[in-house]
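Residue numbers start at 1 and run along the sequence shown. Owing to the predicted nature of the structure, the values given are computational and were not obtained by experimental measurement.
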Amino acid sequence: MPGTSPVILILGAGPNIGQAVARTFASKGYKVAVAARSLNEADSTDNQLNITSDFANSDDVVNAFKKVNKVFGIPSVVVYNVSASTLTPPQDPFALPLAAFNRDVTINVTSAFVAAQQAAFGFAQLPASASKTFIYTGNILNVAILPSFLDQGIGKSAGAHMIWAASAAYKDRGFKFYYGDERKADGTAKYRVDGEAHAKLYWELAEEKTQGPWLQTFVKGVGYKNFDSQYTSSS
């Protein structure tokens with residue numbers, strides 16, 4: 001039965017970012033729902049709900065929300081921590097097979113849209129005191145080209161635009177939308193990202209009462225740092 005504890009739904013619960021975010025929010029009193037292909041639903045506990053999901057099928061996103069709503073209640077924090085990429089030769093990005101492109105775009109864009117849409121439906125039913133925070137785990141590919149990563153770059157660019165638009169559209173309703181992107185101290189891409197650093201930032205964003213900068217470029221041990229000033233708020 002749904003209870004009174006706040007709920008977080010983490011879509012994409014890998015051993016680095018996903019599990020670090022789960023531990024952090026659980027330690028703060030949240031009920032945690034995690035969704036991923038590798039999870040065993042039979043291992044769920046009173047405080048953690050495991051949901052087997054494949055985000056190449058966007059219907060699994062809807063089903064994940066239905067399950068967490070039924071068991072724990074409407075999530076006030078949703079993290080889309082899923083990413084897919086099919087590498088191509090650096091000098092031949094269009095060698096990417098169409099089937100792989102379509103699968104990866106579904107994971108990086110379509111299922112992310114469905115997750116944000118479902119989150120917003122839920123946020124509208126929550127009290128004013130609820131966090132109402134949606135976070136998309138991104139990377140530098142919305143502002144930079146990395147050879148071999150064409151389809152992930154397309155996906156992250158689309159995800160960033162979605163978050164940017166949502167952060168402006170829903171701000172007055174108290175819904176918060178963020179794109180998280182860990183960088184090195186000089187602003188360049190960080191390839192071995194730190195799960196605990198993400199968890200710390202995501203917790204801070206969830207605790208903020210109003211929308212902050214939607215593009216959350218950040219550095220471990222420093223926090224938010226604005227590296228990409230070409231992005232401006234529409235507010």
Side-chain angles (χ1 to χ4, degrees), residues 10-21 34-39 52-62 64 78-117 134-166 177-195 197-198 201-202 214-220 225-231:
I10 304 168
L11 301 160
N16 189 19
I17 297 172
Q19 291 302 319
V21 173
V34 288
R37 285 183 302 177
S38 59
L39 294 174
T52 305
S53 302
D54 182 355
F55 301 108
N57 177 7
S58 296
D59 288 342
D60 277 14
V61 178
V62 177
V78 177
V79 175
Y80 194 79
N81 183 55
V82 189
S83 188
S85 185
T86 301
L87 300 182
T88 61
Q91 304 304 319
D92 190 10
F94 292 134
L96 180 67
L98 180 58
F101 177 83
N102 285 336
R103 182 191 65 241
D104 293 349
V105 167
T106 297
I107 293 169
N108 293 327
V109 182
T110 309
S111 287
F113 171 84
V114 174
Q117 184 180 58
F134 182 93
I135 304 172
Y136 179 106
T137 299
N139 56 33
I140 202 171
L141 284 169
N142 63 308
V143 295
I145 296 170
L146 297 180
S148 301
F149 287 87
L150 176 69
D151 70 349
Q152 190 178 107
I154 290 171
K156 296 304 184 185
S157 297
H161 185 92
M162 177 184 74
I163 295 298
W164 190 3
F177 290 84
Y178 295 105
Y179 180 99
D181 172 12
E182 186 181 4
R183 304 280 186 88
K184 295 178 181 177
D186 63 359
T188 56
K190 185 171 183 180
Y191 301 105
R192 295 183 180 274
V193 296
D194 188 281
H198 281 76
L201 177 75
Y202 290 8
W214 70 269
L215 181 56
Q216 285 286 315
T217 45
F218 68 100
V219 176
K220 180 181 178 180
K225 190 172 181 181
N226 183 6
F227 291 114
D228 300 301
S229 58
Q230 69 265 39
Y231 282 108

- Message: Has Lys220 got a side-chain atom pairing as donor or acceptor with Ala185's backbone, closer than 3.5 angstrom?
- Response: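 Looks like no, no N/O pair under 3.5 Å.
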- Sub-3.5 Å donor-acceptor pair from the side chain of Asn81 to the main-chain atoms of Gly12, do we have one? yes
Rounded to the nearest 0.5 Å, how far does [atom2] of [Y] lie from [atom1] of [X]?
X	Y	atom1	atom2	value
Phe134	Trp214	CZ	CH2	13.0 Å
Leu141	Ser83	CG	OG	8.5 Å
Tyr202	Thr137	OH	OG1	3.0 Å
Ile107	Leu11	CD1	CG	12.5 Å
Gln216	His198	CD	NE2	11.0 Å
Ser38	Asp54	OG	CG	11.0 Å

- Message: For Tyr136 and Tyr179, take the angle between the two ring planes, folded into 0 to 90°, and tell me which bin it lands in: parallel under 30, tilted 30 to 60, perpendicular over 60.
- Response: parallel
- Message: Classify the ring geometry of Phe55 against Tyr80: parallel below 30°, tilted from 30° to 60°, perpendicular beyond 60°.
- Response: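 Phe55 vs Tyr80 ring planes: perpendicular.
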Heavy-atom pair with the smallest gap, counting every atom of [X] and [Y]:
X	Y	value
Ile10	Gly18	CD1-O, 3.8 Å
Phe177	Ala116	CE2-CB, 4.3 Å
Lys225	Thr217	O-OG1, 2.5 Å
Ala112	Asn108	CB-O, 3.7 Å
Arg103	Ala56	CG-CB, 4.1 Å
Asp104	Ala84	OD1-CB, 3.5 Å

- Message: Run the side chain to side chain contact (heavy atoms under 4.5 Å, CB included) test against Asn57 and tell me which residues pass, sequence neighbours left out.
- Response: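 So Asn57 forms a side chain to side chain contact (heavy atoms under 4.5 Å, CB included) with Asp59, Asp60.
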- Task: Could I get the full list of side chain to side chain contact (heavy atoms under 4.5 Å, CB included) partners for Leu96, not counting sequence neighbours?
- Result: Thr86, Thr88, Ala100, Phe101, Asp151
- Message: Could you tell me if the side chain of Gln152 sits less than 4.5 Å from the side chain of Asn139, heavy atoms only?
- Response: yes
- Query: Going by the salt bridge (charged side-chain N to carboxylate O under 4.0 Å, His left out) test, which pairs reach into residues 177-188, not counting sequence neighbours?
  - Reply: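 Checked against salt bridge (charged side-chain N to carboxylate O under 4.0 Å, His left out) - neighbours excluded - the pairs reaching residues 177-188 are Asp181-Arg183, Glu182-Lys190, Arg183-Asp228.
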- Message: Evaluate Leu215 against Asn142 for side-chain contact (heavy atoms from CB on, under 4.5 Å), listing each step before the verdict.
- Response: CA-CA 10 Å; Leu215 181 56; Asn142 63 308; 4.0 Å; yes
- Task: Report the C-alpha distance between Thr106 and Ser111 in whole Å, list the side-chain angles of each, state the deciding distance to 0.1 Å, and finish with yes or no for side-chain contact (heavy atoms from CB on, under 4.5 Å).
- Result: CA-CA 6 Å; Thr106 297; Ser111 287; 4.2 Å; yes
- Message: Please evaluate residues Val34 and Leu39 with respect to the criterion side-chain contact (heavy atoms from CB on, under 4.5 Å), reporting the C-alpha separation (whole Å), side-chain torsions for both, the decisive distance (0.1 Å), and the verdict.
- Response: CA-CA 8 Å; Val34 288; Leu39 294 174; 3.6 Å; yes
